[in-house]
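What follows is a single structure, written as structure tokens, with notes after it.
The structure presented is a predicted model; accordingly, all values stated were derived computationally and were not measured.
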Amino acid sequence: MSEERAVLAVDLGTSNTCLVRRDPVEGERQLRPRDCCNTAVGGAIPTLVLYENGEPVAIGAQAEAEYGEASPQERERYSIRALFKPDVGTREAARREMTDFLRLLRARVDMAGTLLVGLPCEAGTAYREHLRTCLLDAGWGRASFLSEPLGAVIHYLGRKALSPSQAARGVLTVDFGGGTCDFSLLRRAAVAGRSGDVLYGGRLFDDLFWQLLLEHNPGLEDELERSGNAYYVHWLSCRQAKEEFSRAMRRDRERQVDLRVRWSAWEDGRAREHSVYVGGLDWSGFLRRAGDYAASPGLLRQLRGHEGMAGLSPWGEALLAGRRVDLIRWFEALLHQSLTSCGDAGMPAVLLTGGSSAWPFVEDCVRGILGAEVMVLVGDEPYADIARGLARYHSFMEQLRRGRAALEEELPVFVEERLPRVLRRTLEAAADDVAETCGSYLRNAVIVPVCHDFRKNGGSLSLLRERMGEAVEAQSAALELLLEQSAGSLGREVEEAAAEALRLWFQEKGIPILPERLRHIPLGGTEALLAEVRGRLDEAALAPLRHRLAYAVAAALGLAGMAGAGAVGLLASGMAAIPVLAAAGLGGAAVRYTGYGRRMLDRMQDWEIPGMVGSLLTDRRIDALADELVEEFRTVLRRALLASWERGAGRMAAEVGRTASEEIAALDILHVAPV
């Protein structure tokens with residue numbers, strides 16, 4: 001399919017409809033027909049029709065305004081209809097209202113390109129064909145349909161919030177709209193399981209707020225019936241109050257809210273605004289009322305067409321029978337039911353779409369049942385997610401197809417050449433940092449303190465070696481902890497470098513998606529590697545250091561190049577030896593040993609070096625001595641780190657290759673064709 005095709009995507013919602021056009025030249029934009037949009041809900045078009053003498057005259061926000069401001073004489077000619085989408089498959093009146101809505105909407109939309117319409121997942125063939133006929137009769141031409149859950153998945157894939165492999169493994173979409181609540185489990189873009197309830201939707205909460213309004217304002221219902229405003233306030237004004245409360249609770253569930261419900265009535269020859277309040281409503285109060293809800297007579301009249309239908313849930317049957325139900329537990333039961341189709345596939349990501357998914361209790365229930373760590377995605381404008389995804393379907397499918405072909409071709413080169421270079425650079429830089437950190441600690445915690453102690457107290461070279469050994473032993477736990485922390489940091493750096501390399505490679509091929517699992521690939525047996533490094537470190541660096549310090553101190557005192565008798569004489573002379581050594585220019589921090597010097601120092605191990613002679617170890621000489629020893633230690637440590645961690649990096653490269661292969665294979669997820 002060509003990426004150049006223009007697409008007009010339509011998401012027909014029970015409460016709001018959303019239109020998104022994607023054009024190869026203009027790009028993607030949401031359509032906002034003049035006078036039709038609900039300003040409180042962005043570019044959404046309220047799905048309702050205003051009739052005058054039985055003829056449709058306005059839709060959306062315009063219909064709301066004209067009906068609300070109508071005079072008593074006009075009100076006698078007017079009627080307003082909403083919430084007809086769920087019943088298109090079952091009621092002729094709903095199909096007529098849908099056709100009228102679509103016809104007036106078509107007159108405000110410049111139609112071009114392919115028409116792609118979202119279809120509820122539970123909708124059968126009869127519902128689809130009835131809706132197709134409505135679109136044809138309204139002048140939209142022949143439409144193609146994709147499931148609404150797939151539109152939501154494509155939207156989050158395009159936003160890079162979801163990876164193809166996640167979509168392939170399983171995504172649970174919760175489409176909580178005004179009329180229904182649908183749960184769909186998608187694997188590889190195909191619906192693997194679905195559940196829901198044709199009676200559970202946002203209109204139940206509209207009705208709940210209507211009842212709250214009447215309780216707070218006795219006598220209001222009779223007044224609204226007399227003025228002809230009951231339908232408007234019940235299904236439009238109370239819906240707006242409900243949405244205002246939901247937004248307030250998303251910001252702060254500890255606050256109380258005073259909800260103002262507005263409508264217009266004709267008085268003294270002109271329309272005047274009227275308003276009443278639902279005062280002091282808070283989250284706990286809302287939950288109590290939602291937990292003890294019964295449908296109003298007005299809503300029950302709308303729902304009578306569902307009585308006796310097969311597949312009604314016990315909750316729905318109770319609602320139609322006029323019994324009280326718990327709306328929150330009803331949602332939880334639907335969610336539990338949807339999870340039975342997940343099987344052993346693991347925890348799916350959860351996408352919340354539809355205007356009513358903005359209710360805070362929805363995400364609370366999802367996390368309460370699936371766990372706090374489950375990935376839950378919900379956008380700032382959930383009512384538009386589906387239309388945006390549908391609009392991207394064709395171009396995104398082509399993008400994935402091309403990207404997959406290019407990635408498959410270059411995968412061996414990436415894994416065998418490009419990725420190892422990235423890991424090697426990262427390892428070398430990180431190993432330098434680790435060696436620097438550990439070397440500095442060793443210098444300040446061991447070498448310098450031992451040298452200062454020897455300068456002050458003197459003693460034999462054998463004792464100096466013992467002190468060094470004790471100091472190393474005393475600091476070994478801290479040094480190992482520092483090494484382990486540094487290793488953990490190195491592991492994260494390498495993982496991030498591998499993930500970034502793969503992300504850039506995918507991006508180069510037109511796939512702007514980061515496979516999420518690469519963020520969690522271990523370096524490869526980190527604990528075992530640390531044990532290996534500690535063993536090599538002790539053998540190659542710390543143990544020799546105990547002896548090397550003694551040699552280095554002796555060299556700094558000028559003893560390394562002296563014959564036995566001369567050395568004995570100098571040591572015996574104590575104070576007298578100092579100017580002789582200084583004048584001779586012996587000493588210095590450089591540790592240089594001949595075989596003869598080492599043999600002589602081995603014989604001197606038990607000779608007592610007076611503290612005054614030790615004073616030749618000036619701060620400058622100690623610093624120089626420590627620098628050289630630490631540099632030697634760093635070299636050994638860096639070599640040990642690289643030798644051990646390069647094997648881990650090899651395992652990582654192999655894991656990245658496997659992950660990349662899975663991610664590339666997952667790019668064929670959009671194999672579901674429109675119907």
Side-chain angles (χ1 to χ4, degrees), residues 5-50 56-69 80-85 97-118 134-135 138-141 143 146 148 151-152 154-155 158-159 175 177-179 202 235-237 239-240 243-244 246-247 353-358 378-393 395:
R5 73 171 62 194
V7 176
L8 177 62
V10 182
D11 178 22
L12 286 166
T14 301
S15 296
N16 292 291
T17 289
C18 187
L19 307 175
V20 174
R21 173 180 289 148
R22 187 171 185 84
D23 186 270
V25 177
E26 299 178 2
E28 180 182 302
R29 63 189 178 96
Q30 185 173 338
L31 302 184
R32 293 173 169 84
R34 184 171 55 86
D35 299 330
C36 291
C37 297
N38 182 346
T39 55
V41 195
I45 304 162
T47 310
L48 52 88
V49 185
L50 176 67
V57 294
I59 60 171
Q62 182 183 11
E64 293 178 348
E66 289 191 19
Y67 184 83
E69 297 176 2
I80 194 164
R81 290 292 174 262
L83 305 175
F84 42 79
K85 178 201 172 181
E97 291 158 4
M98 174 62 82
T99 302
D100 292 339
F101 172 78
L102 290 170
R103 181 178 293 112
L104 292 179
L105 181 60
R106 174 69 183 85
R108 291 164 170 79
V109 174
D110 180 19
M111 182 66 201
T114 300
L115 177 64
L116 200 53
V117 179
C134 291
L135 287 158
W140 290 82
L146 275 176
E148 292 171 352
I154 296 171
H155 172 64
R159 282 184 53 193
D175 186 0
W235 298 116
L236 302 179
S237 299
R239 185 190 71 201
Q240 293 167 358
E243 292 168 350
E244 178 186 343
S246 176
R247 288 192 295 270
T353 66
S356 295
S357 66
V378 56
D380 295 332
E381 297 178 322
Y383 69 88
D385 291 349
I386 290 172
R388 288 171 178 162
L390 294 175
R392 294 196 61 170
Y393 169 78
S395 62

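- Residue Asp23 holds its CG atom at 11.0 Å from OG of Ser395, rounded to the nearest 0.5 Å.
- Closest approach of Gln30 and Arg32 over heavy atoms only: O-NH1, 3.5 Å.
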With side-chain contact (heavy atoms from CB on, under 4.5 Å) as the criterion, how do Leu135 and Val10 come out once you've worked through the C-alpha distance, each side chain's angles and the decisive distance to 0.1 Å?
CA-CA 11 Å; Leu135 287 158; Val10 182; 6.0 Å; no
side-chain contact (heavy atoms from CB on, under 4.5 Å) assessment of Gln240 paired with Glu244
CA-CA 6 Å; Gln240 293 167 358; Glu244 178 186 343; over 6 Å; no
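- Not a single side-chain hydrogen bond (donor to acceptor under 3.5 Å, both in side chains) links Glu97 to another residue, sequence neighbours left out.
- Between Leu116 and Leu390, the shortest heavy-atom distance links the atoms CD2-O, 3.4 Å.
- When the options Thr114, Val117, Leu31 are evaluated for a side-chain contact (heavy atoms from CB on, under 4.5 Å) with Leu8, the one that passes is Leu31.
- Here the CG-CG distance, from Leu105 to Leu19, works out to 5.0 Å after rounding to the nearest 0.5 Å.
- A pairwise comparison of heavy atoms in Ala391 and Arg22 identifies O-CD, 3.2 Å as the closest pair.
- Here the shortest heavy-atom pairing between Arg106 and Trp140 reads CB-NE1, 3.4 Å.
- Here the side chain of Thr47 pairs a donor or acceptor atom with the backbone of Thr17 at under 3.5 angstrom.
- The minimum heavy-atom distance linking Ala82 with Leu48 is given by the pair CB-CB, 3.8 Å.
- Screening Leu104, Ile59, Val57 for a side-chain contact (heavy atoms from CB on, under 4.5 Å) with Leu50, the sole residue that qualifies is Val57.
- When all heavy atoms are compared, the tightest approach of Arg392 to Gly158 is NH1-CA, 3.3 Å.
- When Asp11, Ile154, Thr353 are each tested for a side-chain contact (heavy atoms from CB on, under 4.5 Å) with Asp385, only one passes: Thr353.
- When atom types are taken as modelled, the side chain of Arg108 and the backbone of Pro33 share no donor-acceptor pair closer than 3.5 angstrom.
- Remark: Arg239 CZ to Ser246 OG distance equals 13.0 Å, nearest 0.5 Å.
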Verify side-chain contact (heavy atoms from CB on, under 4.5 Å) between Leu12 and Leu102, making sure each step is shown before the conclusion.
CA-CA 10 Å; Leu12 286 166; Leu102 290 170; 3.8 Å; yes
